[in-house]
A.B. asks: 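Sharing a structure with you now.
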Amino acid sequence: MTIQTDAVIVGAGPCGLFQVFELGLLGLQADVVDSMSMAGGQCIELYPDKPIYDIPAVPVCTGEELIEQLMKQIEPFDARLHLGQEVTDVKPQDDGSFFVRTSKGTEFNAKTVIIAGGVGCFQPRVLRAEGAPELADSHLFYRVKDPSRFAGKRLAVLGGGDSALDWAIELAPASESLTLIHRSDQFRAAPASVAKLREMTGTGKVRIIEHTTVPELHATDGTLEAITLKTTDGELSRLEVDDVLVFYGLAPKLGPIANWGLDLNRKTVNVDTEKFQTNVPGIFAIGDINEYPGKKKLILSGFHEAALAAFAAKEYIEPGKK
């Protein structure tokens, strides 16, 4: 049976869930489709314990806590979640609606489609060093699921973005020592985080090493013992560590979205800033998946985009109605 709905939301991350809320306030029914088996997107899959500081009126929460609160917030609107399946087909119909089909054969007749797919099908960028695959999930990690696992350990954190610095700041107090290693002295993280980590170097437990190439790993019988760092000027140094955490960002793949006739900008979707509508009327894109002048990939920005997209969807479905 084809499901009739006002909006199919592609993606059940924080922006997709908040989109349910904004549509619900306007009396619109939403169906949410996500390839993961649970709602939450990157917040649950990659960073459930990562602290988040930029949600208004919430000084700090974890990714998991944010998703729990968003799920509670949308309860009154009876959104239908279709998890563990991917939207494969989106076809405009003559009446302005859309035929939508998923990889499990679920079919919708949707008045609008809102893409909230984050960076699409995402995987962490891996450390391309000899021996890295063999140490993965034992001494080499691309995500933190249990911060207590690293207490009392000598840690090396690789990367210069928000995730690398946030986790370095979070894990340093309980570690024996922590070294942040970055390829340059220019960080992609929030300036406040950079300042805080530099301040922590005064304790003697935290070091920052800049201008390095990919480190070499030294392990015996599956146990990591040390890494060798090479600076861009050729100087070598050996650092004894127990675990390495790699935060080089995500490798995005648009997947089927690339075949929906949208105006793409590399691996993002171009939208306007009035409605966050794509080049196809009735299809909107919010969150990390979209692109426009001045775009910032923040959850906070995605929430704003969801609000305006909801009003635009309402106007598309019921033109001129106050």
Side-chain angles (χ1 to χ4, degrees), residues 45-53 59-65 124-232 235-249:
E45 178 66 11
L46 298 180
Y47 312 122
D49 294 304
K50 178 184 173 182
I52 298 173
Y53 301 103
V60 62
C61 68
T62 67
E64 185 175 20
E65 288 168 344
R125 298 184 190 276
V126 299
L127 178 66
R128 301 196 179 281
E130 186 176 348
E134 291 76 18
L135 293 171
D137 297 324
S138 60
H139 295 281
L140 179 67
F141 301 88
Y142 298 101
R143 63 193 70 180
V144 177
K145 292 188 175 181
D146 179 14
S148 65
R149 153 93 179 64
F150 302 102
K153 299 294 183 67
R154 299 168 298 176
L155 304 177
V157 177
L158 310 186
D162 284 312
S163 294
L165 270 77
D166 287 349
W167 276 121
I169 292 168
E170 184 79 6
L171 296 174
S175 68
E176 179 180 325
S177 64
L178 185 145
T179 304
L180 181 85
I181 299 164
H182 186 39
R183 63 187 177 185
S184 77
D185 58 3
Q186 299 297 312
F187 292 89
R188 303 182 310 279
S193 298
V194 179
K196 183 172 183 178
L197 190 67
R198 291 195 186 282
E199 182 182 332
M200 293 173 73
T201 60
T203 66
K205 287 181 59 174
V206 176
R207 294 176 61 195
I208 300 176
I209 301 178
E210 300 165 341
H211 301 289
T212 66
T213 58
V214 174
E216 292 183 19
L217 305 173
H218 304 285
T220 301
D221 297 328
T223 299
L224 182 65
E225 298 171 340
I227 60 177
T228 297
L229 302 173
K230 183 178 182 181
T231 61
T232 51
E235 184 179 342
L236 293 175
S237 62
R238 181 183 172 93
L239 179 67
E240 293 185 353
V241 297
D242 299 306
D243 294 315
V244 175
L245 295 93
V246 182
F247 299 107
Y248 284 162

A.B. asks: Do the non-hydrogen side-chain atoms of D185 and H211 ever get within less than 4.5 Å of each other?
C.D. replies: yes
A.B. asks: Got a sec, which residues hit side-chain contact (heavy atoms from CB on, under 4.5 Å) with P147, two or more places apart in sequence or on another chain?
C.D. replies: D49, V144, W167, L171
A.B. asks: Measuring from I208:CD1 to L165:CG, what's the distance to the nearest 0.5 Å?
C.D. replies: 7.0 Å
A.B. asks: Any side-chain donor-acceptor pair under 3.5 Å between K205 and S175?
C.D. replies: no
A.B. asks: What is the distance from atom OG1 of T203 to atom CG of L178, rounded to the nearest 0.5 Å?
C.D. replies: 9.5 Å
A.B. asks: Atom CD1 in I227, atom CD1 in I181: separation rounded to 0.5 Å?
C.D. replies: 3.5 Å
A.B. asks: Of all heavy-atom pairs between P51 and V60, which one has the smallest distance, and what is that distance?
C.D. replies: CB-CG2, 4.0 Å
A.B. asks: Between NE2 of H182 and CD1 of I209, what distance do you get to the nearest 0.5 Å?
C.D. replies: 13.5 Å
A.B. asks: Compare every heavy atom of A129 with every heavy atom of V214, then report the nearest pair and how far apart it is.
C.D. replies: CG1-CB, 4.0 Å
A.B. asks: List the residues meeting ring-ring contact (aromatic ring centres under 6.0 Å, His included) with Y248, not counting sequence neighbours, and say none if there are none.
C.D. replies: none
A.B. asks: Compare all side-chain heavy atoms of M200 with those of P173 and state whether any distance is below 4.5 angstrom.
C.D. replies: yes
A.B. asks: Could you report the tightest heavy-atom contact between L135 and G222, atom names first, then the distance?
C.D. replies: CD2-O, 3.7 Å
A.B. asks: Sequence neighbours left out, what passes side-chain contact (heavy atoms from CB on, under 4.5 Å) with E235? Give chain and number order.
C.D. replies: T231, D233
A.B. asks: A side-chain contact here means heavy atoms from C-beta on lying under 4.5 Å apart; do V126 and V246 qualify?
C.D. replies: no
A.B. asks: Working note: F187 + L197, criterion side-chain contact (heavy atoms from CB on, under 4.5 Å); need CA distance, chi angles, decisive distance, verdict.
C.D. replies: CA-CA 12 Å; F187 292 89; L197 190 67; 5.9 Å; no
A.B. asks: List the residues meeting side-chain hydrogen bond (donor to acceptor under 3.5 Å, both in side chains) with T228, not counting sequence neighbours, and say none if there are none.
C.D. replies: H218
A.B. asks: Quick one: list whatever passes side-chain hydrogen bond (donor to acceptor under 3.5 Å, both in side chains) with T223, sequence neighbours left out.
C.D. replies: none
A.B. asks: If you count every heavy atom of other residues, nucleotides or ligands that lies below 6.0 Å from E176 atom CD, does the total exceed 12?
C.D. replies: yes
A.B. asks: Applying side-chain contact (heavy atoms from CB on, under 4.5 Å), can you list everything that pairs with A164, at least two apart in sequence or on another chain?
C.D. replies: V157, L180, F247
A.B. asks: Who passes side-chain hydrogen bond (donor to acceptor under 3.5 Å, both in side chains) against T179, sequence neighbours left out?
C.D. replies: none
A.B. asks: With sequence neighbours left out, what residues match E210 under salt bridge (Lys or Arg N to Asp or Glu O under 4.0 Å)?
C.D. replies: R198
A.B. asks: Listed by chain and number, what are the side-chain hydrogen bond (donor to acceptor under 3.5 Å, both in side chains) partners of E225, not counting sequence neighbours?
C.D. replies: T220
A.B. asks: Taking everything shown except R188 itself, do over 12 heavy atoms lie less than 6.0 Å from its CZ?
C.D. replies: yes
A.B. asks: Can you tell me how far the CG atom of L158 sits from the CG atom of L127, to the nearest 0.5 Å?
C.D. replies: 6.0 Å
A.B. asks: For A156 versus V241, what's the shortest heavy-atom pair and its separation?
C.D. replies: CB-CG1, 4.0 Å
A.B. asks: Is it true that a side-chain atom of H139 and a backbone atom of V244 form a donor plus acceptor pair closer than 3.5 Å?
C.D. replies: no
A.B. asks: Quick one: side-chain contact (heavy atoms from CB on, under 4.5 Å) partners of S237, sequence neighbours excluded?
C.D. replies: L229
A.B. asks: Among residues at least two apart in sequence or on other chains, which ones pass salt bridge (Lys or Arg N to Asp or Glu O under 4.0 Å) with D243?
C.D. replies: R149, K153
A.B. asks: Of all residues at least two apart in sequence or in a different chain, which pass the salt bridge (Lys or Arg N to Asp or Glu O under 4.0 Å) check with E240?
C.D. replies: R154
A.B. asks: To the closest 0.5 Å, what do you measure between OG (S193) and OH (Y53)?
C.D. replies: 7.5 Å
